[in-house]
There are 2 protein chains.
Amino acid sequence: MTDPQSTHDIEAVFREKGIPFTRQRRLIWDHFAGADRAATITEAADALRSDGVGQATVYRTVTLLSDLGLLARVQDRRGEICYTAPPIGHSHPLICGVCRKLVRFEGDGDVKELEARLAAETGFSIYGHHLEVYGICAKCREAGRG
Amino acid sequence: MTDPQSTHDIEAVFREKGIPFTRQRRLIWDHFAGADRAATITEAADALRSDGVGQATVYRTVTLLSDLGLLARVQDRRGEICYTAPPIGHSHPLICGVCRKLVRFEGDGDVKELEARLAAETGFSIYGHHLEVYGICAKCREAGRG
DNA sequence: CTCCGGTTGAGAACCGTTCTCAACGCAACT
DNA sequence: AGTTGCGTTGAGAACGGTTCTCAACCGGAG
C-alpha cells in the first residue's frame with residue numbers, strides 16, 4: 001500500500017516536462033489527490049465550479065493527468081467511471097462499491113507470473129493488465145449499505 | 001481456457017427465467033458468441049441492421065445479457081468499450097489491443113488468494129474483481145500493427 | 001379469434017464529452 | 001512598464017453514444 005503522491009512531487013513532474021502547473025490544474029489535482037475515495041469528473045467539476053474552474057478544463061486536465069499516469073480510472077458498483085490518484089509503481093485498487101473508498105495494494109508478483117505464463121501459451125506479447133478488486137468497506141457494511 | 005456457451009444453452013437460461021428468446025435476441029447473441037473477438041455495440045447494431053434489428057434493441061439486449069452474466073465488458077487499447085461472450089465459470093480475458101481477438105484464461109487461484117489476504121488486511125468484504133490482460137497477438141505483431 | 005403483456009423500431013430526448021474560439025495569463029524579451 | 005507569443009482557459013455549441021417514448025407488433029393463453 002502506497003501513499004498518494006504529494007502535490008509537490010506532481011509539480012516537479014510537470015516542470016520536468018515543461019508543462020505549466022496552473023492554478024486550475026492544482027485545484028483539480030488536489031481534488032482527486034486530496035480524497036481517499038475515487039471521484040467522477042462531474043463531481044470534481046461541480047466542486048470546483050465556484051473556484052472558477054470550467055468543466056472543459058476539468059476534462060482536459062483529467063485526460064492530461066491520466067496520460068501522465070498520475071490518475072487512474074476505476075469504476076464503482078454501478079459502473080460509474082471515477083478517477084483516483086495515483087497508481088504509483090504498480091499498485092492496484094481495492095474499491096468500496098458503495099462509497100468508493102479506495103485502498104491500493106501491490107499484487108504485481110502474482111500477475112507478472114501469470115503474464116509470463118500467458119505469453120508463453122498464447123504467443124501474445126503482453127503490454128499491460130488491469131486488476132481491480134471490489135468489496136464493501138467495513139463502514140458501509142455496518143451502516144447496512146452493503 | 002473455456003469454450004463459448006452454445007446458443008442452445010442460452011435458450012435454456014432464458015426459458016428457465018421465463019424470458020422470451022426472440023429472433024432479435026438470438027441474432028444479437030449469435031453476433032457476440034459467434035466471434036472470437038470482442039465487438040462494440042455499434043458494430044453489432046451496424047451488422048444487424050439489415051436483419052431488421054433496431055439499435056435500441058441491441059442496447060437493451062446487451063444490457064439484458066450482461067445482467068444475466070452472459071456477456072462481459074472489456075476494452076481495447078483505445079479504451080473503446082466492447083462486449084464478449086461468455087465469462088463462464090471464472091475466466092478472465094486476454095485481449096489483443098489492436099484487433100481485439102480474445103483468449104480466455106483461468107487465473108482464479110492466484111486472485112482468490114490475493115482476495116483473502118486483502119479481506120484480512122483491510123476489513124473489506126470482497127464481492128468481486130476484474131482482471132484483464134492486454135497484449136498484441138502474434139498476427140498483429142507480424143503485420144506490424146503492434 | 002381476441003386479449004394481453006412483453007418486445008420491438010423509429011425517432012426524440014438526454015447527457016457526458018469534445019470542440020471552437022475569443023479572452024486571458026504568464027514568461028521572455030525589449 | 002510595454003510588447004510579443006504561445007499555451008491555457010471558460011462559455012457555449014456541437015457531437016455521439018445511450019436511454020426514453022410511444023405506437024405497432026408478436027406470440028401465448030383463454
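Every chain is numbered from 1 and lettered A, B, ... according to where its sequence line falls, protein lines coming before strand lines.
The interatomic distance linking B:Leu27 (CG) with C:dT7 (P) rounds to 17 Å, in whole Å. Atom-to-atom, CZ of A:Phe21 to P of D:dG7 comes out at 20 Å; the value is rounded to the nearest Å. One can place CZ of A:Arg23 at 10 Å from C1' of D:dT9, the figure rounded to the nearest angstrom. Residue B:Glu80 contributes atom CD, which lies 15 Å from atom C1' of D:dT18 at whole-angstrom precision. Straight-line distance from the NZ atom of A:Lys17 to the C1' atom of D:dG7: 18 Å, rounded to whole Å. Look at CZ on B:Arg49: it is 12 Å from C1' on C:dA10, rounded to the nearest Å. Computed from coordinates, the A:Leu65 CG to D:dT8 P distance equals 13 Å when rounded to whole Å. B:Gln24 has its CD atom 13 Å from the C1' atom of D:dG27, to the nearest Å.
Note on A:Arg25: a side-chain N or O is less than 4.0 Å away from OP1 or OP2 of D:dT8. Side-chain nitrogen and oxygen atoms of B:Thr22 include none within less than 4.0 Å of the OP1 or OP2 phosphate oxygen of D:dC26.
Between atom CG of residue A:Leu71 and atom CH2 of residue A:Trp29 there is a gap of 6.5 Å, rounded to the nearest 0.5 Å.
With sequence neighbours excluded, the residues satisfying side-chain hydrogen bond (donor to acceptor under 3.5 Å, both in side chains) with B:Glu115 are B:His129. Remark: A:Arg37 engages no residue in a side-chain hydrogen bond (donor to acceptor under 3.5 Å, both in side chains) (not counting sequence neighbours). For B:Glu43, the side-chain hydrogen bond (donor to acceptor under 3.5 Å, both in side chains) partners at least two apart in sequence or on another chain are B:Arg100. With sequence neighbours left out, the ring pair (Phe, Tyr, Trp, His ring centres under 6.0 Å) criterion links A:Phe14 to A:Phe21.
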Polar pairs (N or O, both sides) under 3.5 Å between protein and nucleotides 13-22 of chain C?
unit_1	atom_1	unit_2	atom_2	d
C:dT17	OP2	A:Tyr59	OH	2.2
C:dT17	O5'	A:Tyr59	OH	3.3

Distances under 3.5 Å only, N/O to N/O: pair up the protein atoms with those of nucleotides 28-30 of chain D.
none

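In this structure, B:Glu121 pairs ionically with B:Arg117, as a charged nitrogen and a carboxylate oxygen lie closer than 4.0 Å.
For A:Thr57, whose side chain is taken as the heavy atoms from C-beta onward, the closest listed nucleotide among D:dT8, D:dG10, C:dT7 is D:dG10.
Of the candidates B:Thr61, B:Thr57, B:Val58, B:Val53, B:Val53 is the only one forming a side-chain contact (heavy atoms from CB on, under 4.5 Å) with B:Leu27.
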Start with the C-alpha distance between B:Leu118 and A:Val133, add both sets of side-chain angles, then the distance that settles side chain to side chain contact (heavy atoms under 4.5 Å, CB included), and finish with yes or no.
CA-CA 9 Å; B:Leu118 287 174; A:Val133 180; 4.1 Å; yes
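Ring geometry, B:Tyr127 versus A:Tyr134: the interplanar angle falls under 30°, so the pair is classed parallel (tilted spans 30 to 60°).
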